[in-house]
Amino acid sequence: MQNSSKKVRVRFAPSPTGGLHLGGVRTVLYNYLFARKHKGDFILRIEDTDQTRFVKGAEQYIYDCLKWCGLEPDESTMHPGEYGPYRQSERKPLYKEYALQLIKDGHAYFAFDTPEELERMRSENKTEENPSPQYDAMFRMRMRNSLTLSAAETEALINAGTPYVIRIKIPQNETITFNDLIHHEVSFDASVVDDKVLLKADGMPTYHLAVVVDDFLMKITHAFRGEEWLSSAPVHILLWKYLFGLEHMPQWAHLPLILGPNGKLSKRDGAKFGFPVYAMNWTDPRTQEFTEGFREKGFLPEAFVNLLAMLGWNSGTEQEIFSIEELIENFSIERVHKSGAKFDYEKARWFNQEWIKRKTATSLLTSVKDLLSNNGLSVTDDAYLEKVIEMVKDRCTLISDFFEQSAYFFSAPATLDLEAVLTKWNESKTSFFQQLMASLQTNSSWNAAEIELVFKELAAKLNIKPGELQLPMRIMLVGGKFGPAVFEIAHTIGKEETISRIHYALNKINA
RNA sequence: GCCGCGUUGGUCAAGGGGUUAAGACGCCUCCCUUUCACGGAGGAAUCACGGGUUCGAUUCCCGUACGUGGUACCA
């Protein structure tokens, strides 16, 4: 069916109407992986044919998301190739001639029905069995269009400037069958598809016309899109057949949907269950509605891409952690599932944790530094920060966890979990820590082993179990019951700071 | 309503006519750790239902149920 020697060209074609959600990024990812795997091109095409839904900033946002994910297109509005323009609104004049050609060939017609007339037709013919009557073979002969009007009447209406749309004339008694890379053979009875509008009254094409024309003009070889498009595939197949010939049609792959905890994944789910749904933070400029993003939540792009890849696809092996290079190598569209997958935030967090563990402290430096500075902690000593990251990264699931896990390395804890020590406190412990401060002060070598030795010898001398003293020591230095080995922490923050924190805490405890 | 697509533990899933039906997340128990994690060892939990086909169906076919998408001059 397909000329396999043709260079692979795929596209992601979003409409700039808002944030980019999980499903969108995964569609990008599968396109990207496929293109890279086959040494092809990945194109970003902006489908802004609905001017009423256009949202300012959405296009830039999409581009920024792809950049953050490391899934940048080869051709786009930002980096045009030889098939531009890449924004459909800028290609407007192109589409009409194809629509006219269809009319000439008897596959489409002018329709003059006003929105009100359409509305009336639908409500008047609505029945229990047919709640949504379609503009189809049944009804088109009862409507105002070039099929029911004479050629002269049609021409007169057009010359008079009457608004019109162009509709496809869906054939009767035809079964439309095509081969989907994921679903294999899919077929529809043409009688159940309606005469979709191809060219709107404002002269803009609808998605149906635009996608076919542009995929042809941009030499797209494989068209991947969400499964919500499967139902309208027959319209696209017909258009390909009428306009360019089925032999040039790209191979379709309709990707399974990503579902939320109950049904289709929505922005609402994210807000309700506390997980991000968009790639990056997004605030709708019109409504000011804010939607949280994975990036700001503390996800690494590597983890985000990894977890998305595994939501609907797997390599068939037990491997779950994949770098982008490994994904490119192993990806195959045939292994994408048919069924939708429920998004599991806990598992998403696990992917991030695995990636944090795998990354070096050096590669984490910039993002952690930004995090700390956003929280009012400016770091000047990169080497020191790197050491801290190395010590705490096994304890972080999200990048944002680095704040709590490392802040005490830079300044004394604001609050101390005294509850944890007070219940078992006694005079001899106070005495222990007072003597400890003195011993540490005079001790010349400052390393973890040495500190531990001093600590334990003193404990033995006062006949206290060191275990009973380690937790208090931790609370004094860290503020809470977490973090790496206490003596490592003491060593890292330094002698002066250690003694100062013990001193401060002791006063608090005995206050 | 009609049409399309789908259905393996709670979730992601491997598998596919004969298996003890992988693995991962989460959950539980234990070990390590006198903190929290990491790590390690175990555990509970699954083929939606009903008919066929077959010596034998989780696997193939048909129904049903359920889920999901479409049914716009939105994409």
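Hydrogens, waters and symmetry mates play no part in the numbers below; they use all other heavy atoms, side chains included. Quick note on labels: first sequence line is chain A, next is B, and so on, each numbered from 1.
Side-chain N/O atoms of A:His337 include one lying less than 4.0 angstrom from OP1 or OP2 on B:A14. Applying the 4.0 Å criterion to OP1 and OP2 of B:C74, one finds that A:Gln51 has every side-chain N and O outside that range. At B:G6, one or more side-chain N or O atoms of A:His183 fall inside 4.0 Å of OP1 or OP2 (strictly under the cut-off).
Closest approach to the A:Glu346 side chain among B:C12, B:C73, B:G26 is made by B:G26 (side chain taken as heavy atoms from C-beta onward). Taking the side chain of A:Lys264 as heavy atoms from C-beta on, and the options B:U68, B:G4, B:C38, the nearest nucleotide is B:U68.
Not a single donor-acceptor contact under 3.5 angstrom links the side-chain atoms of A:Ser232 to the base of B:G70. If you check distances only, the side chain of A:Lys347 does reach the base of B:A24 with a donor-acceptor pair under 3.5 Å.
Partner of A:Glu468 under the salt bridge (Lys or Arg N to Asp or Glu O under 4.0 Å) criterion, out of A:Lys429, A:Lys424, A:Arg474: A:Lys429 alone. None of A:Arg45, A:Glu59, A:Glu90, A:Gln60 except one satisfies the side-chain hydrogen bond (donor to acceptor under 3.5 Å, both in side chains) rule with A:Thr77; the exception is A:Glu59.
Partners of A:Gln101 under the side-chain hydrogen bond (donor to acceptor under 3.5 Å, both in side chains) rule, at least two apart in sequence or in another chain, are A:Asp105. For A:Tyr135, there are no ring-ring contact (aromatic ring centres under 6.0 Å, His included) partners at least two apart in sequence or on another chain.
Spacing between B:U29 and B:C36 at atom P, rounded to whole Å, works out to 14 Å.
Taking the syn range as angles within 90° of 0, the glycosidic angle of B:C5 is outside it, so the base is anti.
Among the duplex regions that RNA chain B forms, those built from at least three successive Watson-Crick or G-U pairs under 3.5 Å are B:1-7 with B:65-71, B:10-12 with B:23-25, B:27-31 with B:39-43, B:48-52 with B:60-64, ordered by first number.
Residue order along RNA chain B, read from the 5' end via each residue's closest nucleotide, puts A:Pro484 first among A:Pro484 and A:Thr17.
Annotation: A:Lys357, atom NZ; neighbour count of heavy atoms from other residues, nucleotides and ligands within 6.0 Å is above 12.
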